[in-house]
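The block underneath contains the structure these notes are about, expressed in structure tokens.
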Amino acid sequence: MKIQLRKITPDGLVVYSEEHQTTSNASGIISLVVGNGIAQTGNITEVPWNEPVFVQVDIKLSGQTAYTTMGVSQILAVPYAIKSGDAIQGGSVEGNTATFAGNQWAGTSQVNLSTNRVEVKALEGRHPNEPIFVVRNLNGEIVFAVYETGVRINIDDSDSRAEKGGFAVGGLSTGKSGKEVTYFSLDPDSVRFNILESDDPTRAEKGGFAVGGLSTGKEFTHDYMSISVDSVRFTILEYNDPGNPKASKGGFAVGGLSNGKETTTYITTHKDSTVIYTDLTTTGNVNVTGNIYTGGDTNSPPICDFEGNEYQTVKIGNQTCMKENLRTVYNNMGELLGYEDVFCYDSDCDNNVQTYGLLYSWNVVSSAMPICPDGWSIPGDGDWQTLFSFVGGQNWDSNPLTAARVMEASGLWISPEITPTNQTKFSARPGGKGDFTGNSWVFADMGQTAYFWTMFWWMGGVGALKIDGSNGVSFDNTYNQETPNAVFSVRCVKNEW
């Protein structure tokens, strides 16, 4: 017997053929299974069952040399075979789920079902920073994600639906009022924990909520956050190893949902400081055993340079700073600066000076003739350190993005990887820089980086402070008396001595 499978029409292309050696029963009936014969053409697994398929049956009796065609008929689909071409291929084990690989279905162990659990696991070779499990909303934004080291929940605060809350944990039973009991709710403007008060004093000691570290033991080594009916406690680990970078990351942060790569941080708690970037209101007592330092914009009066340019100022902590880059061509003694000592970025004074100020040479900032207004001076590295410690905590240099984000003026940075909030009102402006290379000045980085001259008292010279739209804040002391051919912006700080 020869079985030929043709596609589309009775005389169409033969996509598969096979031969069978068989003998009829006493009634002359022959039974065979297509696919179990000796293949002559094609592969039975590659037959396009989703297209019309016709079967041609040829027979050749013992002793004959040629086949005789018995007929050609279409194979009509039945419910269990209509998509047999999409059958699962390859090996799999019990509990695996099926996934479509583009041209066929195959088993995967990433989602595994068993009698006792549903398991979602990450496979080897994946990028460790990508989420293992994601839930997205209709806009394609991540609402819930599970990563290698934790879980993140984002709440949309863009419309009135925010009143409904974004995340809640409740009990299976109802409370005395007949309503569902919610133990934890997370809204765009508040977080609420409800802890049941018990008459049993032993249960009250256990508290109501705890956040611990990820470990392989049955119990966490430390409770980092615990909430009980009468207190909330945050515990931040201190490291004895000063070279351990984890020691400087702080312990707790609250932020908002944004479309940028960085979220807005409203409160950060470190082992040595707590910084709040929004209003703080309390209806109860505040007991303070130490000092309270206040900062932010205190509506400091504007100042003028020798030329008469007016500058807005801001008080941050105990320091008063300019909110604008210097733009005068005179020093504080009324002397006109040399044409090789002060520049407009890219020689475009009309469009750049008012927003980004002027760029000054090393000769100007290192001169005995000051260019800052009377009573003001170019900041030293200690002044910047004090400012950054106030806005970013004592360990600001281990997370330089935090200080940059709250100091950068909004709307001036080109494609920043961090979202400027200017919560400090410092209004850092990316005025770029100029370098003398060859026989001409080359200007770069406007809209991307702010370069400010800095007096490094400990080295007897000057250098640059950089506020970058991608990497945050950093010092660069390579610009000094040995490499004077550079021009940067100037911000002045009020003398407090």
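Because only heavy atoms are used, hydrogens play no part in the values below, and waters and symmetry mates are left out as well, while side chains stay in.
Judged by the 6.0 Å distance and 45° axis criteria, R327 is positioned over the aromatic ring of Y311. Geometric assessment of R491 against the ring of F426 yields a positive cation-pi assignment under the 6.0 Å and 45° thresholds.
Taking every heavy atom of both residues into account, N471 and P400 meet most closely at O-CG, 3.7 Å. Scanning both residues, V391 and A403, for their nearest heavy atoms gives CG2-CB, 4.0 Å. Scanning all heavy atoms of the two residues, the minimum distance from M322 to W376 falls at N-CZ3, 3.9 Å. Of all heavy-atom pairs between A486 and W453, the closest is O-CZ2, 3.5 Å. Heavy atoms only, all atoms of each residue included: P379 and C492 are closest at CD-CA, 4.5 Å.
We find the CH2-CG distance between W396 and L401 to be 11.5 Å, quoted to the nearest 0.5 Å. Rounded to the nearest 0.5 Å, atoms CD1 (I467) and CH2 (W384) are 6.0 Å apart. Here F475 contributes atom CZ and D397 contributes atom CG; the two are 9.5 Å apart, rounded to the nearest 0.5 Å. For the atom pair CG (L336) and OH (Y330), the distance works out to 5.0 Å, reported to the nearest 0.5 Å. Within the model, atoms CZ of F452 and CZ of R429 stand 9.5 Å from one another, a figure rounded to the nearest 0.5 Å. A distance of 5.0 Å separates OG of S109 from CG of L123, quoted to the nearest 0.5 Å.
More than 12 heavy atoms of other shown residues, nucleotides or ligands fall within 6.0 angstrom of atom OH in Y147. For D348, the CG atom counts as densely surrounded, since its 6.0 Å shell holds more than 12 non-hydrogen atoms of other residues, nucleotides or ligands. Atom CD of Q354 has 12 or fewer neighbouring heavy atoms from other residues, nucleotides or ligands inside a 6.0 Å radius.
Side-chain contact between I371 and F306: absent, with no pair of heavy atoms (C-beta onward) separated by less than 4.5 Å. Using a 4.5 Å heavy-atom threshold, the side chains of I378 and T454 count as separate. Looking only at side-chain heavy atoms (C-beta outward), E335 and M369 come within less than 4.5 Å of each other. When side chains are defined from C-beta on, V120 does not count as touching Q110, because their heavy atoms never get closer than 4.5 Å. In this structure, the side chains of S489 and L359 come closer than 4.5 Å at one or more pairs of heavy atoms. In this structure the side chain of V143 never reaches within 4.5 angstrom of the side chain of R136, judged on heavy atoms. With a 4.5 Å cut-off on side-chain heavy atoms, L337 and Y360 count as touching. The closest side-chain heavy-atom distance from C304 to P373 is not below 4.5 Å.
The SG atoms of C344 and C349 sit under 2.5 Å apart.
No hydrogens or angles considered: a donor-acceptor pair under 3.5 Å links the side chains of N112 and N96. Of the N and O atoms on the side chains of N309 and T328, not one donor lies less than 3.5 Å from an acceptor on the other residue. Side-chain atoms of S377 and N495 form a donor-acceptor pair, as typed in the model, at a separation below 3.5 Å.
Using a distance-only test at 3.5 Å, with no hydrogens or angles considered, no donor-acceptor pair links the side chain of W413 to the main chain of P430. In this structure, N154 contributes its side chain and I142 its backbone to a donor-acceptor pair below 3.5 Å. N331 contributes a side-chain N or O that, together with a main-chain N or O of G334, makes up a donor-acceptor pair within less than 3.5 Å. Remark: side-chain polar atoms of D445 are not paired, donor with acceptor, to backbone N or O of Q448 under 3.5 angstrom. Between the side chain of E324 and the main chain of Q312, a donor-acceptor pair closer than 3.5 Å is present. One N or O on the side chain of E307 and one on the backbone of V329 form a donor-acceptor pair closer than 3.5 Å. Between the side chain of T108 and the main chain of T97, no donor-acceptor pair closer than 3.5 Å is present. At distances below 3.5 Å, at least one donor-acceptor pair connects side-chain atoms of N325 with backbone N or O atoms of Y356. Side-chain atoms of N137 come within 3.5 Å of backbone atoms of N139 as a donor-acceptor pair (strictly under, hydrogens ignored). Not one N or O on the side chain of S427 forms a donor-acceptor pair closer than 3.5 Å with the backbone of A409.
Here the two rings, on F343 and W441, have centers that are under 6.0 Å apart.
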- Message: Apply side-chain contact (heavy atoms from CB on, under 4.5 Å) to residues V490 and V365 and explain how you reach the verdict.
- Response: CA-CA 9 Å; V490 168; V365 298; 4.0 Å; yes
- Going through the checks in order, is the side-chain contact (heavy atoms from CB on, under 4.5 Å) test met by L465 and F388? CA-CA 12 Å; L465 169 80; F388 297 148; 3.7 Å; yes
- So K466 and V473, side-chain contact (heavy atoms from CB on, under 4.5 Å) or not? Walk me through it. CA-CA 6 Å; K466 295 170 58 177; V473 295; over 6 Å; no
- Evaluate side-chain contact (heavy atoms from CB on, under 4.5 Å) for N422 paired with M407, printing each intermediate quantity in order. CA-CA 5 Å; N422 199 26; M407 293 177 64; 5.6 Å; no
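The aromatic rings of F133 and F144 lie perpendicular to each other, with more than 60° between the two planes, well past the 30° mark.
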